[in-house]
**Q** 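A single structure is presented below for examination.
Just so you know, residue 1 is the first one in the sequence shown, and it goes up from there. For the numbers below, each heavy atom of this structure counts, side chains included, while hydrogens, waters and symmetry mates do not.
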Amino acid sequence: ARLRARARLGRLGISLYAEELESGAIGRALEEATQAAELFEAAGDEAGLARAWRLAGSLHATAGQYEAAAEAAERVVAHATRAGDKRLAS
């Protein structure tokens, strides 16, 4: 399940950066990122959590929800730091 969630986050990220997500799709993608974060949380997967929150932050920013994007960015740094991912934590 975690591998599938990571793959889905990757595909959603590519769609976001390729500008293939329509406005209604952003909400659905946020739901998927949140569900992935819950799965990673339950598994204790800090790297997965960092990736899920990174995508959520990008989606929030795309939707103009800058406060939520900033909160997601803080979570990315925290989880990436705990995972030992210096690149993602910076």
**Q** Identify the heavy atoms of Ala29 and Leu12 that sit nearest to each other, and give their distance.
**A** CB-CD2, 4.0 Å
**Q** What's the separation between atom CG in Leu59 and atom CZ in Arg54, rounded to the nearest 0.5 Å?
**A** 11.5 Å
**Q** Taking all heavy atoms of Ala83 and all of Ala47, pick out the closest pair and write down the distance.
**A** CB-N, 3.6 Å
**Q** Would you mind reporting whether Glu31 and Thr34 have side-chain heavy atoms less than 4.5 Å apart?
**A** no
**Q** With side chains defined as the heavy atoms from C-beta onward, is the minimum distance between Gln65 and Leu30 less than 4.5 Å?
**A** yes
**Q** Determine the minimum heavy-atom distance between Leu39 and Ala1, stating which atoms define it.
**A** CD1-CB, 3.7 Å
**Q** For the residue pair Leu88 and Arg51, what are the closest heavy atoms and their distance?
**A** CD2-N, 4.3 Å
**Q** Considering non-hydrogen atoms only, spot the tightest contact between Ala37 and Leu49 and give its length.
**A** O-CD2, 3.2 Å
**Q** Tell me the closest heavy-atom pair linking Ala80 and Ala89, and the distance in Å.
**A** CB-N, 3.6 Å
**Q** How would you list all residue pairs meeting salt bridge (Lys or Arg N to Asp or Glu O under 4.0 Å) that involve residues 58-79, not counting sequence neighbours?
**A** none
**Q** How long is the straight-line distance from CZ of Arg8 back to CG of Leu55, given to the nearest 0.5 Å?
**A** 9.5 Å
**Q** Taking the side chain as everything from C-beta on, heavy atoms only, tell me whether Thr81 gets closer than 4.5 Å to Val77.
**A** yes
**Q** Measure from NZ or CZ of Arg6 to the centre of the six-membered ring of Phe40, then state whether that distance is under 6.0 Å and the direction lies within 45° of the axis.
**A** yes
**Q** Please walk me through it: do Tyr66 and His60 pass side-chain contact (heavy atoms from CB on, under 4.5 Å)?
**A** CA-CA 7 Å; Tyr66 301 116; His60 281 301; over 6 Å; no
